[in-house]
Amino acid sequence: MVPAEVPDAEAEPDGLEDRLRRFVTIWSRAIFPATATSLTRPEFEQHLLPLARSLRDALHDRIFDATPAHGVGAALVGAHCTDPDALARSLGVVDAYLVLYCGEAADPAGELAADELRARCARLQATFAAGFAQALRERTLAEQEAIARSALAARGAAEDALHATEARFRAVFEGAAIGIGIADLDGRVLEVNDTLTRMFGGLEHHVRSRNVSEWVHPDDAPQVWGMYKELIRGERDNFRTEKPFFRNDGTVLWTNLTVSLLRDVDGVPQYQLALLEDTTERRLLTLRLRYEATHDALTGLPNRTLFFERLEKALAPARETPKDAAKDAAKDGTKDETNSGTKEAGPVPAPRPAARFGLCYLDLDGFKAINDSLGHSAGDRMLVEVADRLQSCATAPGEMVARLGGDEFVALTTGPDTQREVGELAARILGALATPISLDGREFTVRGSIGIVEGKAGESTAAEVLRSADITMYRAKSAGGNRFEHADAEADARAITRHGLTTSLPAALERGEFFIEYQPLVHLADGTVHGAEALVRWSHPTHGVLSPDRFIPLAEHTGLIVPLGRWVLEQSVLQARAWQEELAAGTFAGPVRINVNLSPAQLHHPGLVADTVEVLERIGLPPGSLCLEVTESALIGADEDLLKPLRQLAEMGVDIALDDFGTGYSNLANLRRLPVSVLKLDRSFTQGMQQHPADPVDLKIVEGIVSLAHGLELGVTVEGVETGAQAEHLRRLGCDTAQGWYYARPGPPEMLHTLSMADAV
């Protein structure tokens, strides 16, 4: 609430500090009744003085920054001003008096317009509210921790201690600045504090008589009630979410809700504890600020919302009514006599041209470097200049320019001849950007990449058009930038396919669409099966079976490679364990070793060693039966932090193989410090051995690598063996094991079972 008194302007002191103190006096009078501080009102007023000075300074900073208001809001909570009225009254005082007392009087030069001061004041209010809410949330979490400790301690203490603990719990419960409620496992509300009662309208029996299940709201997040059921079943200890409630008068209360499960000393669920922070005012303020403007605040251009409205209108299919046809016929000087079957002589009208559109999607090249080197203020000035130049390029009827955000702009043109006009528009834009822009005494040449989409109205949606333009823009940027490219359906399809595979990867793992094929590793000396390499495949419901090169880079990019790699490890170890059990029963002659590939992302994951140990111990496979393959390129220049987990695994007995050896241009001397036991020679070194006579250079290279590896007590495995001659050459050179299509293509586990039994016979 804002105090009703409005000071007499004639009695107002002239000094800036006096006006600031007057503002502080009004502020302290407004919120002191809502505080829980031990300070007197004059002392509290002195506490507010530096906070008010911070708001005043932020209001008049040359480069406006609302961040200090965040600290002011947090400082109020630190001063025990946690009552919701304290925030509402503070925002009211700032809104009514900050500009009045700290505005023009503190800006005698008049550098800031009144509208700018009011806009800054509104931004300060929003940041002030955010800082207050964040500090209150942190205090809430601390109080929740105290409540939980008190509740748990009360269960196991003696009678005297129980009484004292309950007294402390009651003090926290009643004095908390957030709403607290306790319910049984059936959802019946047993107890609520005064804060929660006030949040729901002030009638305690309207809250206590309710069941938690009655508080369903249409705007509830889909997973809220699923998490609640998991909590009641004891499957989780707590959950947090943003949830709306209907008050008794039908209005909506928005909250940050935390629900925790309280257990007895034996761990059996007993009660549920709910903590509710009222975020209604903050939410309304955020929504008002977010949707208040329809134009970009920095450049003055139409923003994304207004642009999409215009684009959707441009893409709407033209619908010609009979009345429109008659008007067009009259305009063309013709008369349609449908009843008589004749038509007056006259010029044949040209067909009405179909409505078309053209869109240019612009992204500035190298803008981030300018922003980082000169600062955001200079970057903003550049964006304003770019916006002015773009605006000058789109002055014809049916043309508009908008800023989507950051350094991304769009230009739209409509009409019957956009096939020609959109290219000219893009050329004008690049030409306008070519003139250097002066910033801080330096001149910068602005470059841009433009993606062009042109077509008939009614054939695509706004989202599809913008997606195609975005894809095309990145194609122009990849081609060197400072150019425009036209949309290409095939290129779009490839990009969309990549994007589709990326987005469907997580669900594919959950649905079990991945499977593993095994390729045997064969002893070159006697041709027996030594082990198998696990190779993951994706059985995509639309694209069929995909090889790793189609999806592993996408999994690396999205971070899904870690859970996918763990799944491959677990399934491979399970299969190796099954082979061992068959070997013990005499129904299988090998292999009992399994090779699993590790990606660079898995090497950097802190849980690599723990996950590997857990899988091996749970399934019961000896570490010596597992070999982890790491590409040579992943270990080039690796420091000790990266090698440490590999060393730990090697010390446990897990073999480490250096895959694709010879392709990473690494120093051979580094082999001594790598914790590897096997070198997997890349197939490029053995291509010249596929027939007799073999390439003598390849023979010398492989002979040298084998000699080096054996000298370091490393085994040598060769990939890509495709002919018997190649296998014979490698055997003579002393290679230990090999794999390739000459022996078998990757296949199901049963295929290796057949091969191993044939070797045994």
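One-based numbering along the sequence shown. Any value given below was found using the heavy atoms of this structure, including those in side chains, with hydrogens, waters and symmetry copies removed.
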Has the side chain of [X] got a donor or acceptor atom that lies under 3.5 Å from a matching backbone atom of [Y]?
X	Y	answer
Thr35	Phe32	yes
His47	Glu43	no
Ser90	Ala86	yes
Asp266	Val268	no

Test side chain to side chain contact (heavy atoms under 4.5 Å, CB included) applied to Cys627 and Arg593, step by step: CA-CA 7 Å; Cys627 178; Arg593 291 173 54 81; 3.8 Å; yes

Any side-chain heavy atom of [X] sitting closer than 4.5 Å to one from [Y]?
X	Y	value
Arg304	Leu404	yes
Asp264	Gln270	yes
Glu281	Trp254	no
Leu626	Asp655	no
Arg139	Val77	yes
Thr255	Leu253	yes
Phe551	Leu560	no
Ser539	Phe514	no

Can you give each donor-acceptor pair under 3.5 Å made by side-chain atoms of residues 612-622, sequence neighbours left out, with the distance rounded to 0.1 Å?
residue, atom, partner, partner atom, Å
Thr612, OG1, Leu608, O, 2.8
Glu614, OE1, Arg566, NH2, 2.7
Glu614, OE1, Arg618, NH2, 3.4
Glu614, OE2, Arg618, NE, 2.6
Arg618, NH1, Glu570, OE2, 3.0
Arg618, NH2, Glu570, OE2, 3.1

Give the intermediate values and the outcome of side chain to side chain contact (heavy atoms under 4.5 Å, CB included) for residues Asp237 and Arg263. CA-CA 9 Å; Asp237 289 328; Arg263 304 174 184 265; 3.0 Å; yes

For [X] versus [Y], what's the shortest heavy-atom pair and its separation?
X	Y	result
Ala129	Leu87	CA-CD1, 4.0 Å
Ala75	Leu51	CB-CD2, 3.7 Å
Tyr518	Ser572	OH-CA, 3.9 Å
Met227	Arg240	CE-O, 4.5 Å
Val252	Pro244	CG1-CB, 3.9 Å
Leu505	Ala555	CD1-N, 3.7 Å

Out of curiosity, [X] [atom1] to [Y] [atom2], how far, rounded to the nearest 0.5 Å?
X	Y	atom1	atom2	answer
Glu230	Leu261	CD	CG	12.0 Å
Leu649	Ile656	CG	CD1	5.5 Å
Ser625	Trp579	OG	CH2	11.5 Å
Leu554	Trp538	CG	CH2	7.5 Å
Leu646	Leu598	CG	CG	7.5 Å
Leu564	Leu509	CG	CG	6.0 Å

[Y] and [X] side chains, donor-acceptor separation under 3.5 Å:
X	Y	answer
Asn256	Glu242	no
Ser547	Arg537	no
Arg247	Thr251	yes

Do Trp215 and Phe200 pass the ring-ring contact (aromatic ring centres under 6.0 Å, His included) test, and can you show the C-alpha distance, the side-chain angles, and the key distance before you say yes or no? CA-CA 12 Å; Trp215 277 315; Phe200 277 88; 5.4 Å; yes

Does Glu45 come within less than 4.0 Å of Arg41, counting only side-chain N to carboxylate O?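 The answer is yes: the pair qualifies as a salt bridge.
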
Taking Glu651 first and then Arg647, would you say they form a salt bridge - that is, a charged N and a carboxylate O separated by under 4.0 Å? no

Test log, rule salt bridge (Lys or Arg N to Asp or Glu O under 4.0 Å), inputs Arg282 and Glu277: CA-CA 11 Å; Arg282 185 173 77 238; Glu277 176 195 359; 3.7 Å; yes

Would you say the ring centroid of Phe245 lies under 6.0 angstrom from that of His217?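 Not under 6.0 Å, so no.
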
Donor-acceptor list for residues 177-191 side chains, cut-off 3.5 Å, not counting sequence neighbours:
residue, atom, partner, partner atom, Å
Asp184, OD1, Asp186, N, 3.0
Asp184, OD1, Gly187, N, 3.0
Asp184, OD1, Arg188, N, 2.9
Asp184, OD2, Arg188, NE, 3.1
Asp184, OD2, Arg188, NH2, 2.9
Glu191, OE2, Arg170, NH1, 2.5
Glu191, OE2, Arg170, NH2, 2.5

Applying side-chain hydrogen bond (donor to acceptor under 3.5 Å, both in side chains), run through Ser260 and Gln144 and close with a yes or a no. CA-CA 9 Å; Ser260 301; Gln144 178 184 0; 3.0 Å; yes

List the steps, then state whether ring-ring contact (aromatic ring centres under 6.0 Å, His included) holds for Phe128 with His70. CA-CA 5 Å; Phe128 183 106; His70 192 282; over 10 Å; no

Just checking Arg210: does its CZ atom have more than 12 heavy atoms from other residues, nucleotides or ligands closer to it than 6.0 angstrom?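 Atom CZ in Arg210 is packed in, count exceeds 12.
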
Hey, mind stepping through Leu55 and Val94 against side chain to side chain contact (heavy atoms under 4.5 Å, CB included) and telling me if it holds? CA-CA 9 Å; Leu55 291 176; Val94 172; 4.2 Å; yes

Asp611 vs Gln602, side-chain hydrogen bond (donor to acceptor under 3.5 Å, both in side chains): CA-CA, chis, key distance, verdict: CA-CA 11 Å; Asp611 286 349; Gln602 289 175 275; over 6 Å; no

Any idea how His543 and His540 line up, ring-wise: parallel (<30°), tilted (30 to 60°), or perpendicular (>60°)? tilted

Please step through side chain to side chain contact (heavy atoms under 4.5 Å, CB included) for the pair Leu276 and Leu196, ending with a clear verdict. CA-CA 7 Å; Leu276 290 83; Leu196 183 63; 4.0 Å; yes

